[in-house]
Amino acid sequence: MGRRWARDATGDEKTAARFTNAPAGRSLMDRTTMAYRRTILTATLLALGFTSGCDLAGGANDGNQGPGNGDDGVALRAGQIAVSHKGTSFLARVDNELIHGDVDGSWRTLDRLEDPERLVFSPQRDVIYVATDDPGRLRAHDLTRDEQLWSVTLPGEDSWLDWDDTSVSARPWLHVTSDDRQLVVVTEDTVTVFDTESGDELGAWKSSEWIVDIDLDASGDAAYVTLQETWDDEGPKTPFVTLELPSLQATSITLPNCADETVIGTDGRYAFMAPTQCQQDPVSVIDLETGVFVRNLPGFGPVSLAAGGDLAVAFMDLDNLDESLFLDDDPMPEGDRQYHLMLIDTRTLEFKTVELGDSLPRYAPTPDGKLLLVDADAWFDDERVRIFDLQTGELESVLGPDIRLDHFVMTSDSKYAYLVDDGAYELSISERILSSMPLSIIPTSINITRDDRWLLMQDDLGPVHVFDRESDRVTAVVGGVRGR
């Protein structure tokens with residue numbers, strides 16, 4: 001699943017984000033003052049007419065981290081920490097170097113991997129594939145033997161790649177097939193496939209429009225590419241392309257919608273694509289088995305998957321609702337609040353709605369698929385962190401500081417979430433209580449090991465602080481002058 005290119009490419013969006021997502025201060029007074037300023041700024045945006053789901057970041061919350069490769073690889077330059085999906089080891093960018101460490105405090109610097117931008121783990125071997133800005137290379141590195149396997153020039157490195165872009169969505173994106181045979185590299189308009197054993201290029205496909213999103217199917221036999229929409233008198237048209245791997249033979253359909261992230265249901269049949277920032281924001285449904293567009297559902301996104309992938313979560317905006325998209329048997333939302341959650345059965349495409357509030361929602365499902373953590377970009381009362389029970393339909397407030405879910409992790413049993421927002425916090429999901437964690441740093445990124453015991457936190461590409469959840473303290477600081 002790719003990142004929301006349209007959100008990162010809009011200058012006005014970047015400017016607004018700098019203010020509405022600015023650090024909230026390091027004291028209660030600073031936090032109160034910043035929250036007040038955010039409220040004033042958000043109210044000003046609303047007064048100027050930015051009231052629809054098209055203007056603030058809503059829908060699926062992509063701030064959740066965890067072990068493994070993430071959506072498009074681990075964005076090291078943006079401060080993300082890559083955690084092994086097998087054990088307790090991890091990789092992080094500290095200053096301009098890539099370190100390989102473990103929770104016991106041991107670590108080493110990996111040679112020839114200076115200025116790392118993004119990496120993915122091999123699903124089969126103890127190998128990583130790394131895009132570096134020194135001097136724009138794609139490298140395979142064996143972690144067990146600590147040696148480079150191959151190195152090639154990054155596609156497009158001489159033409160367009162912006163190495164000053166430190167956002168999570170910065171290109172290139174990296175994907176590896178589940179059988180570890182092919183590495184898929186995505187630049188602004190090109191998909192290139194490499195052989196993971198030799199580094200040989202197997203082929204490249206260049207699109208006519210910018211690539212907004214890419215997803216690999218579970219078998220690794222195909223990639224689904226969402227391209228930037230174009231407009232005509234009938235509205236937006238988004239090309240949705242299926243690429244066979246590794247041949248890159250392409251077939252395309254057109255979606256009557258703006259482009260954004262696409263998610264695929266558990267059974268692999270239906271894909272769902274819905275934007276937030278467009279004058280037309282339905283949930284487009286694609287049948288991947290037949291390769292046809294099915295219909296537009298009346299909602300906004302991006303969509304998130306819950307309940308083991310059997311449920312797709314979107315939302316409706318009653319101030320911007322296209323009633324022509326409702327079929328005879330589709331339920332209309334009930335209630336006076338502006339925003340409603342939309343819960344879609346990914347197998348039958350039937351949906352129901354639940355009244356939520358008057359602020360544009362973001363949502364993240366818990367690992368067990370039973371709950372949603374709900375918040376929003378802006379700073380009104382009903383935009384604090386709340387918990388929505390997908391089984392009972394109840395929405396409960398969380399007791400504690402007023403923070404946002406911009407960078408967070410959840411334990412695999414869905415009992416706790418840990419987040420950083422000008423400090424580190426523990427959320428007891430079952431008790432609905434949020435409390436601060438005493439640390440010597442104010443972290444900007446966080447991740448968690450597969451066994452749920454260790455939290456890894458970093459402040460602006462500095463050393464990684466290892467926090468033991470059992471002893472409730474930092475037990476190691478990894479990275480610095482010399483590894484062990």
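Computed from a predicted model, the values in this text were never measured in an experiment.
Here the NZ-CG distance, from Lys206 to Leu248, works out to 14.0 Å after rounding to the nearest 0.5 Å. Atom CD1 of Ile264 sits about 13.0 Å away from atom CE of Met273, to the nearest 0.5 Å. Here the CG-CG distance, from Asp421 to Leu434, works out to 9.5 Å after rounding to the nearest 0.5 Å. Once rounded to the nearest 0.5 Å, the distance linking CD1 of Ile128 with CG of Leu98 reads 5.5 Å. In this structure, CD in Glu234 is found 5.5 Å from CG in Asp232, a value given to the nearest 0.5 Å. To the nearest 0.5 Å, the span separating CD1 on Ile81 from CG on Leu76 amounts to 9.5 Å.
With sequence neighbours left out, the side-chain contact (heavy atoms from CB on, under 4.5 Å) criterion links Ser247 to Glu244, Gln249. Among residues two or more places apart in sequence or in another chain, the side-chain contact (heavy atoms from CB on, under 4.5 Å) test is passed with Ser252 by Pro239, Val241.
Of all heavy-atom pairs between Leu325 and Arg295, the closest is O-NH2, 2.9 Å. Closest of all the heavy-atom pairs between Ala306 and Val313 is CB-CG2, 4.3 Å. Asn257 and Ser284 get closest at one heavy-atom pair: ND2-OG, 3.0 Å. Thr266 approaches Asp310 most closely through the heavy-atom pair OG1-N, 3.9 Å. Taking both residues in full, the closest heavy atoms of Ala259 and Val212 are given as CB-CG2, 3.9 Å, listed atom of the first, atom of the second, then distance. Looking at every heavy atom in both residues, Pro172 comes nearest to Leu154 through CG-CD2, 4.0 Å.
Classification of Arg171 and Asp189 as a salt-bridged pair fails, no side-chain N sitting under 4.0 Å from a carboxylate O. Residues Asp375 and Arg386 are not paired through a salt bridge, judged by the lack of any N-O separation under 4.0 Å between the basic side chain and the carboxylate. One finds a salt bridge joining Asp406 and Arg362 here, because a Lys/Arg side-chain nitrogen approaches an Asp/Glu carboxylate oxygen to under 4.0 Å.
Within 6.0 Å of the NZ atom in Lys352, the count of heavy atoms belonging to other residues, nucleotides or ligands does not exceed 12. Heavy-atom neighbours of Glu289 CD from other residues, nucleotides or ligands within 6.0 Å: above the threshold of 12. Annotation: Arg125, atom CZ; neighbour count of heavy atoms from other residues, nucleotides and ligands within 6.0 Å is above 12. With a 6.0 Å radius and a threshold of 12 heavy atoms from other residues, nucleotides or ligands, Lys237 has its NZ atom above the threshold. Taking a 6.0 Å sphere around CZ of Arg181, one finds it holds 12 or fewer heavy atoms contributed by other residues, nucleotides or ligands. The environment of Glu350 atom CD is sparse: at most 12 non-hydrogen atoms of other residues, nucleotides or ligands sit within 6.0 angstrom.
Counted by atom type alone, Asp72 and His175 present one or more donor-acceptor pairs between their side chains at under 3.5 Å. Side-chain contact, Thr262 with Asp215: no donor N or O sits under 3.5 Å from an acceptor N or O. In this structure, a donor-acceptor pair under 3.5 Å is present between the side chains of Asp317 and Gln338. Using a 3.5 Å distance cut-off with no hydrogens or angles, the side chains of Thr88 and Thr449 do not pair a donor with an acceptor. Defined by atom type and a distance below 3.5 Å, a donor-acceptor pair is present between the side-chain atoms of Ser412 and Asp452. Under 3.5 Å, the side chains of Asn69 and Tyr129 contain no donor-acceptor pair of N or O atoms. In summary, the side chains of Ser89 and Asp102 do not present any donor paired with an acceptor at a separation below 3.5 Å, with no hydrogens or angles considered.
You'll find the side chain of Leu349 reaches within 4.5 Å of the side chain of Val294, heavy atoms only. Considering only heavy atoms from C-beta on, Val225 comes within 4.5 Å of Leu243 through its side chain. Contact annotation: the side chain of Tyr270 never approaches that of Thr346 to less than 4.5 Å [non-hydrogen atoms, C-beta and beyond]. Taking the side chain as every heavy atom from C-beta outward, Phe240 and Tyr224 approach each other to under 4.5 Å. Residues Asp126 and Ser122 are not in side-chain contact: their nearest non-hydrogen atoms beyond the backbone lie 4.5 Å or more apart. Two residues are said to be in side-chain contact when any heavy atoms from C-beta on lie closer than 4.5 Å; Ser445 and Gln80 fail this criterion. Within the 4.5 Å cutoff, no side-chain heavy atoms of Phe90 are placed close to those of His100. Side chains of Thr444 and His407 form no contact here, defined as non-hydrogen atoms less than 4.5 Å apart.
Without hydrogens or angle criteria, Asp322 side chain to Pro298 main chain gives no donor-acceptor distance under 3.5 Å. With Arg118 contributing its side chain and Ala131 its backbone, the two residues share no donor-acceptor pair below 3.5 Å. In this structure, the side chain of Asp389 does not engage the main chain of Gly393 through any donor-acceptor pair within 3.5 Å. Of the possible donor and acceptor atoms, none in the side chain of Asn64 sits under 3.5 Å from a partner among the backbone N and O of Ala364. The backbone N or O of Ala376 lies less than 3.5 Å from a partner atom in the side chain of Arg404, making a donor-acceptor pair.
When Thr132, Thr192, Val152 are each tested for a side chain to side chain contact (heavy atoms under 4.5 Å, CB included) with Leu138, only one passes: Val152.
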Begin from the C-alpha positions of Ile387 and Val398 and carry the test side chain to side chain contact (heavy atoms under 4.5 Å, CB included) through to its verdict. CA-CA 7 Å; Ile387 297 176; Val398 169; 4.0 Å; yes
Before you tell me yes or no, could you show the steps for Ile429 and Thr366 under side chain to side chain contact (heavy atoms under 4.5 Å, CB included), namely the whole-Å CA-CA distance, both residues' side-chain angles and the distance that decides it to 0.1 Å? CA-CA 9 Å; Ile429 296 175; Thr366 53; 4.2 Å; yes
Please determine whether salt bridge (charged side-chain N to carboxylate O under 4.0 Å, His left out) holds for the pair Arg347 and Asp267, giving the CA-CA distance in whole Å, both sets of side-chain angles, and the decisive distance to 0.1 Å. CA-CA 8 Å; Arg347 300 178 187 273; Asp267 62 1; 3.5 Å; yes
Step-by-step side chain to side chain contact (heavy atoms under 4.5 Å, CB included) determination, Leu419 to Ile403: CA-CA 9 Å; Leu419 53 141; Ile403 52 83; 2.8 Å; yes
Apply salt bridge (charged side-chain N to carboxylate O under 4.0 Å, His left out) to Arg337 and Glu355, showing your working. CA-CA 6 Å; Arg337 307 303 292 271; Glu355 190 175 25; 5.2 Å; no
Please evaluate residues Met316 and Phe300 with respect to the criterion side chain to side chain contact (heavy atoms under 4.5 Å, CB included), reporting the C-alpha separation (whole Å), side-chain torsions for both, the decisive distance (0.1 Å), and the verdict. CA-CA 6 Å; Met316 289 186 181; Phe300 291 79; 5.6 Å; no
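Separation of the His340 and Phe315 ring centroids does not fall under the 6.0 Å cut-off.
Seen from the ring of Tyr416, Arg469 counts as a face-on cation partner, given the 6.0 Å and 45° thresholds.
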